[in-house]
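Have a look at the structure below before the remarks.
In this text the structure is predicted, and so the values were computed from the model without any measurement. To find a chain, count down the sequence lines: A is the first, B the second, and so on, and within it residues start at 1.
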Amino acid sequence: MSVIPYIIPRTFSNMRGNWLSHLMTALTIAFVVLIFGLSTLIYFNLHRLAENYSREIRIVTYIDPALLPEDIEGLKAKVLKLRGVANIRYITRQEGYQRLVQQFQDEKDILAGLGEDFLPPTLEIEVTGTMYNLGRIRPLVSELTSLPGITDVYYGKEWVERLRQAADFTRLITFAIGGLLLLTTIFVVSNTIKLTIYLRRNELETMRLVGATNFFIRGPFVLEGMLQGLVGSGLAMLALFALFEFLNTQVSFPGFIRFFSPIFLPIPVVTGIIAGSIILCAVVSAFSMRQFLRV
Amino acid sequence: MDAPLIELKHVYKSYEQDLTVLEDINLRIGKGEFVFVNGPSGAGKTTLLKVILCLERSTKGEVWVDGINLRRLSNYKIPYLRRRMGMVFQDFKLIENLTVFENVALAMEVCGVKKSVIEQKVDQVLKSLGLEIKKRIYPRRLSGGEQQRVAIARSVVNDPLVLLADEPTGNLDAGRAADIMSLFNEISARGTTVIFATHNQELIRSTAKRVIVLDQGRIVN
Ligand SMILES: Nc1ncnc2c1ncn2[C@@H]1O[C@H](COP(=O)(O)OP(=O)(O)O)[C@@H](O)[C@H]1O
Ligand SMILES: [Mg+2]
């Protein structure tokens with residue numbers, strides 16, 4: 001479109017006209033996106049942490065020692081069919097005992113007096129390593145419990161539940177902040193645009209009179225919104241990265257996540273947040289202009 | 001006679017329900033004609049021009065411009081129609097924070113004309129109106145007559161089919177008014193259709209041109 005060369009300089013001259021309110025708008029967007037980014041970052045790392053752990057989750061089921069070999073085969077097949085089960089391993093009484101012997105090599109006394117068959121045969125179950133399956137653990141456990149032939153089910157109950165709750169909670173917070181981001185951006189951007197429109201009303205009116213299309217009139221305002229979205233969210237991502245680096249190098253994390261090294265949001269997520277902000281601001285700008293675009 | 005450039009058939013316009021501003025206006029204006037629209041203040045002259053420029057839609061009746069029925073014209077096509085008409089507004093409607101040059105150039109920019117072409121054409125028009133030394137100046141530093149000429153420059157820069165002028169001599173003393181008048185005669189002589197609205201009786205007393213007299217929204221001559 002050949003009017004584009006005229007729209008871009010007009011955008012900048014519009015913005016120069018009330019640069020202070022544009023600066024405030026960009027900073028407000030930056031602030032809200034920063035909070036949103038921070039909660040996304042926390043959720044993201046919690047999610048990774050949970051994934052790391054759930055890869056290590058083993059459910060151990062004790063099996064009725066009276067079960068016949070063919071019943072055991074049937075049981076294994078049933079367990080494998082359950083949702084969330086990645087792999088199973090049947091461990092006979094003897095194997096179980098051997099393992100113990102290996103584990104307590106230096107303290108053989110502990111096992112003294114216990115026969116090779118003091119442990120029941122067990123089925124070790126690996127679950128698939130996703131968040132979804134953290135939520136699936138409890139139902140899976142109750143399904144296992146109800147299978148005939150399984151006498152007991154053990155798993156690291158508490159921390160699995162707690163991790164799951166923490167992840168759910170941060171996701172909720174992230175959504176809430178996302179909503180806040182949406183409302184704040186809509187409010188702030190549309191107010192700035194309306195102020196610009198008010199300051200420029202005579203000019204916009206004249207442009208209509210001499211045959212400017214809505215595209216020509218609206219273009220600079222949409223570009224202006226996009227620029228605010230870009231600058232605001234770009235600043236926010238820079239600040240978030242700085243904050244992340246600071247925490248990562250200066251703060252030592254407590255026990256259970258000592259071996260977990262947090263990572264920053266991956267590039268696609270950062271790009272997505274910036275692109276989302278740009279699009280949101282552009283749409284809000286376009287909408288704020290609508291009432292002005294009568295003919 | 002050829003098909004008229006502008007034709008109004010039984011046009012009515014009211015802003016509010018019970019107040020009719022234009023009433024049963026029938027009018028044919030041919031290509032190249034120079035027409036005065038005369039009448040007292042409040043007669044409906046400005047409204048008539050606005051209806052032709054599609055700034056206001058008629059309440060009833062048909063308005064045709066260059067073979068286009070404005071009632072059938074969709075909103076998004078209106079800007080393209082306006083570009084083929086020039087209008088000089090009673091209050092000039094110059095943009096404060098643009099220079100004389102930029103004000104005139106705006107009318108070409110909205111059409112997407114190339115910058116080099118705009119520069120050449122705007123310079124030429126400003127020169128013909130004696131405004132070239134004022135081209136970098138902002139409107140508030142110009143006299144009323146100069147502002148008027150800038151408004152005229154903007155209205156003719158796209159070589160419009162028709163020039164609509166609303167009281168272009170309104171705020172000027174007699175000498176300045178005569179200058180503006182002869183300017184419009186020149187524009188008309190180049191073949192542009194001119195519709196010139198004025199409440200000034202003096203201006204039309206001695207003219208040989210066609211005069212449409214409006215009173216309370218009706219054509220009375
Ligand atoms: N936007 C408007 N809303 C309501 N009434 C209007 C509007 N514009 C003009 N009028 C009324 O229409 C009548 C004609 O106005 P106008 O066309 O400006 O007359 P003129 O240009 O001949 O002085 C006046 O009574 C005026 O008050
Ligand atoms: Mg008037």
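Both the backbone and the side chain of Leu209(A) come within contact range of chain B, judged by heavy atoms closer than 4.5 Å. The contact between Arg154(B) and chain A is made entirely by side chain atoms (from C-beta outward), counting heavy-atom distances below 4.5 Å.
For Tyr12(B), the OH atom sits in a packed shell: over 12 heavy atoms of surrounding residues, nucleotides or ligands are nearer than 6.0 Å. Few gaps surround CD on Glu96(B); more than 12 heavy atoms of other groups in view lie less than 6.0 Å from it.
Most heavy-atom pairs under 4.5 Å with chain A: of the set Asn97(B), Leu53(B), Leu98(B), this distinction falls to Asn97(B).
Across all their heavy atoms, Gly211(A) and Pro79(B) have their closest contact at O-CB, 3.4 Å.
One distance of note links CD1 of Ile78(B) with OG1 of Thr213(A); it measures 12.5 Å at 0.5 Å rounding.
Taking the side chain to side chain contact (heavy atoms under 4.5 Å, CB included) definition, one finds that Leu180(A) meets it with Thr184(A), sequence neighbours left out.
Each of Ile95(B), Leu94(B), Asn103(B) was scored for a side chain to side chain contact (heavy atoms under 4.5 Å, CB included) with Thr206(A), with one residue passing: Ile95(B).
Annotation: residues 109-148 of chain B contacts chain A through Glu109(B), Val110(B), Cys111(B), Gly112(B), Val113(B), Lys114(B), Lys115(B), Ile118(B) [non-hydrogen atoms, separation under 4.5 Å].
At least one donor-acceptor pair closer than 3.5 Å links the side chain of Arg82(B) to the backbone N or O of Arg208(A).
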